[in-house]
Amino acid sequence: WAERLSAGAVLLHGWALPQDAELCAEVDAVIGQAPLRGMETPGGQSMSVATSSCGDWGWVSDRGGYRYSASDPQTGQAWPRMPARLLRLAGDAAAAAGFPGFAPDACLINCYQPGARMGLHQDKDERDFSAPIVSVSLGLPAVFLLGGLRRADRALKIALEHGDVLVWGGEDRMRFHGVQPVKPGVHPLLGARRLNLTFRKAR
Ligand code: MD5
Ligand code: FE
């Protein structure tokens, strides 16, 4: 069912469940080509989340900053193509949330092992903030922190489960957000991991 969290944010509970095994297999194929890796923040901290990407652009971070790159710095190769099923899922979810015509050119794959977390931040490395962002949660559950437009704004805690899809657009696109440390567990499809796919229009 669709749960409206605010004007531009919609949580589509279980939206990806009918094709969860196929999605996991396609993500596995992508990370076979562009392996998950830890990244360093510009400040020199190592991130607890391991990442990879597919699509025209991949999000990367190192001591030089956060940016989108057309190739995987680890392999020197272009990122794997975005599988058609993933592209369709993101476009359909955005449309269901009121943002028709979403054509993402970047899919960031975040892998959380138990204990991994993501601190409060805004997504602002994209060129055009008018496109929504779609995120698909697979594997272990997590508590998502949905903040406001200022870092100090109180954050709402939202339980995200395997198959949930979240869409942020309009004014909600720039909210601060994060993920609390993932609790230990084993998911039948993905084992001791939470995978999050974040679809964006980078350029
Ligand atoms: C995650 N990833 O669960 C999240 C899902 C990231 C990231 O935050 O940057 O890799 S995307 C959550 C998101 C995106 C854009 C806006 C908002 C949330 N929001 O306004 O709350 O790994
Ligand atoms: Fe983010």
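We count ligands from 1, going down the list as the structure has it; atoms in each ligand are counted the same way.
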Only heavy atoms of Y112, strictly under 4.0 Å: list the atoms of ligand 1 that pass.
1 (C), 3 (O), 22 (O)

Using a strict 4.0 Å cut-off to heavy atoms of R194, name the atoms of ligand 1 that fall inside it.
1 (C), 3 (O), 22 (O)

Which is closest to atom 10 (O) of ligand 1 by heavy-atom distance: N110, T198, N196, L5?
N110

Ligand 1 contact on H177 by region, counting heavy-atom pairs under 4.0 Å
side chain

salt_bridge(E126, K201) N-O dist < 4.0 Å
no

If the contact criterion is a heavy-atom separation under 4.0 Å, does H121 count as touching ligand 1?
yes

Provide the atom name of the closest N, O or S atom of D123 relative to the Fe ion (ligand 2).
OD1

Pair F129 and W168, ring centroids less than 6.0 Å apart
no

Which residue and non-hydrogen atom of the protein lie closest to atom 14 (C) of ligand 1, and at what distance in Å?
D123 OD2, 3.4 Å

With a 4.0 Å cut-off on heavy atoms, is E171 touching ligand 1?
no

Would you mind running through ligand 1 and noting each atom that sits below 4.0 Å from a heavy atom of S135?
5 (C), 11 (S)

For atom 20 (O) of ligand 1, what is the closest protein heavy atom, and at what distance to 0.1 Å?
D172 O, 2.7 Å

Would you say CZ of R85 has more than 12 non-hydrogen atoms from neighbouring residues, nucleotides or ligands within 6.0 angstrom?
yes

Hey, which N, O or S atom on H177 ends up closest to the Fe ion (ligand 2)?
NE2

Closest to atom 7 (C) of ligand 1 among protein heavy atoms sits M118 SD, 3.5 Å

